[in-house]
Protein chains: 2
Amino acid sequence: MLDLVKPTNNTPASSRVMNSEGYQKSDRLLLAIDCIIFGFDSESKQLKALLIKRDFEPEKGKWSLMGGFVNKNESVDDAAARILKQLTGLTNIYMEQLYCFGDVNRDTAGRVVSVAYYSLINIANFSNQIQEDHEALWFPLNKIPTLIFDHREMLQKAKERLQQKVANHPIGFELLPNKFTLQQLQYVYEAIYETPLDKRNFTRKILELGILKKLNQKEKESSRKGAFYYVFDKGQYNKLEHEGMKFI
Amino acid sequence: MLDLVKPTNNTPASSRVMNSEGYQKSDRLLLAIDCIIFGFDSESKQLKALLIKRDFEPEKGKWSLMGGFVNKNESVDDAAARILKQLTGLTNIYMEQLYCFGDVNRDTAGRVVSVAYYSLINIANFSNQIQEDHEALWFPLNKIPTLIFDHREMLQKAKERLQQKVANHPIGFELLPNKFTLQQLQYVYEAIYETPLDKRNFTRKILELGILKKLNQKEKESSRKGAFYYVFDKGQYNKLEHEGMKFI
DNA sequence: CCAAAAGTGTTTCTATTACACCCATGT
DNA sequence: ACATGGGTGTAATAGAAACACTTTTGG
């Protein structure tokens, strides 16, 4: 199917400049999505990113972020969600637009502008089957292999954005199962900030926020005494998510 | 000039998904830039945004951000700089990518994805001639008229981003002339944060950063005593700009 | 000499950090 | 009974906020 750029009259009209200076025949571009998918590995207590291995030329055998193209009849956000679903099988995932990468030669195969999104998933929800289908692997952030194009830059920027975001918004939880212990949550924050945190200070501050509900149920695998599970108080969560807040 | 989407072989290749699921024939889109241009009016001590009036249909007579399209052979950043120059005549301006707005129907005249940038300029450097040519006007942020498309949302997001950015990066200065008094600088910060600041605390903190150099020269228009002019210490400025910092 | 803005320190309060012991339980 | 992680409070420090008077000088 061929796609023709219509010469004008239904001028897309963002400003008069395009009329007065001849943008009627503006170039159309391929618009891609690239997804930085973060997961928390509770075994190693590391933050990891999901990468896929290209099995075709060019750049065959190299690692890459999950990507795809924006269709004409879907929003950029929808495209990102669709592409995330392709690799993870997951919907309703925390996802945030990161940045639009627009260098002329960023994609070696032609002019492609890419909008990067990062998302946080609970690594345990991630299907092994889909993982194998896509030759996907989780890499710790300090052991990222060589990536194609500007994907390393995307990943770096995503990491910085995540650190900054987590300081003001309660999204660290997105990396954990529904119910979690305070220790698990602390590990998540330690992994994101790449620094150890004081247990007592952490516990106090996170509980003071009033967004955690303590369950009458204990996790007994990692200690004899057992640690209480917590879940979110969705009401408070939404309120704080909207207003922004000082977190940790 | 007509532009044809090539059917494939030099596949733009962001991931194998596009091959395995038929993205060879991906849609090409118009990619626009919209610029949120902030200026500080030292008369009214207000932060203002520069808007242009559309003088053609559709949406004739409505106010709009300055915009244009990304060309195939220029980076998205370059396109933004080019479009900023068209309205302001200025180059080497502080400019930061804000967000990519990608709703399907955001532009009533067709599918256009827009990457918004915001920039900070010294309002005094802005040529009246260019302003008249483009029917441009400065509006205080609390008196923004109805804007086309999603431009209000862009402006709102830009304001929030600016507030957040200024808290960690020394960019408030971009809104002022080369040399400025501490009072002028304080007014800028008060306008951005929409809150009065304590003069002594402000002065102390800003000077402690060590990025201001005091000149042996006074501004004598707004007081008999006269207030010393300051300029940047570029060295320190760059260092802090790079590292990020706690600002105000 | 007076009006108007410039310049300048100290105290209070709040938030952050550092730090160590007893508890509960499964084996 | 003991090994293991769970759970808890306080004191010290640093940073932020509140606050008012003296200085300069053009008219």
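Quick note: numbers below take in every heavy atom, side chains included, and nothing from hydrogens, waters or symmetry partners. In what follows, chains are A, B, ... by sequence order, proteins preceding strands, each numbered from 1.
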Does a sphere of radius 6.0 Å around [atom1] in [X] hold more than 12 heavy atoms from other residues, nucleotides or ligands, not counting ones at 6.0 Å or beyond?
X: N142(A); atom1: CG; value: yes
X: N125(B); atom1: CG; value: yes
X: K218(A); atom1: NZ; value: yes

**Ring centre gap for Y230(B) and F180(B) strictly below 6.0 Å** = no

**Message:** Quick check on the 6.0 Å ring-centre criterion: do F38(B) and F40(B) meet it?
**Reply:** no

**Request:** Choose from dC19(C), dC19(D), dG7(D) the nucleotide whose nearest atom is closest to any side-chain atom of A227(A).
**Result:** dG7(D)

**Prompt:** Does R224(A) make a side-chain donor-acceptor contact with the base of dG6(D), cut-off 3.5 Å?
**Reply:**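 No pair found.
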
**Message:** Could you check whether the side chain of R200(B) and the base of dA6(C) have a donor-acceptor pair of N or O atoms closer than 3.5 Å, going by distance alone?
**Reply:** no

**Message:** Which is more 5' along DNA chain C, the nucleotide nearest K220(A) or the one nearest I248(A)? Just name the residue.
**Reply:** I248(A)

**Request:** Let me know, please, whether S223(A) or R204(A) comes out on the 5' side of the other along DNA chain C by nearest nucleotide.
**Result:** R204(A)

Interatomic distance, [X] [atom1] vs [N] [atom2] [rounded to whole Å]:
X: K218(B); N: dA4(C); atom1: NZ; atom2: C1'; value: 13 Å
X: L185(A); N: dG7(D); atom1: CG; atom2: C1'; value: 16 Å
X: E219(B); N: dT25(D); atom1: CD; atom2: C1'; value: 14 Å
X: Q186(A); N: dT8(D); atom1: CD; atom2: C1'; value: 14 Å
X: Q184(B); N: dG7(C); atom1: CD; atom2: P; value: 12 Å
X: N201(B); N: dT8(C); atom1: CG; atom2: P; value: 14 Å
X: Y193(A); N: dT17(C); atom1: OH; atom2: P; value: 12 Å
X: D198(B); N: dA20(D); atom1: CG; atom2: P; value: 11 Å

Across the strands shown, which category fits [X] at heavy-atom distances under 4.0 angstrom: base, sugar-phosphate, nothing?
X: K199(A); result: base
X: K214(A); result: nothing
X: K246(B); result: sugar-phosphate

**Prompt:** Taking only N and O in the side chain of K225(B), is any of them less than 4.0 Å away from OP1 or OP2 of dG7(C)?
**Reply:** no

**Request:** Please determine if a side-chain N or O atom of Q183(B) lies less than 4.0 Å away from the OP1 or OP2 oxygen of dA5(C).
**Result:**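 Answer is no, no contact under 4.0 Å.
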
**Prompt:** So which one's nearest nucleotide on DNA chain D is more toward 5', S222(A) or L207(A)?
**Reply:**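 It is S222(A) whose nearest nucleotide is closer to the 5' end.
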
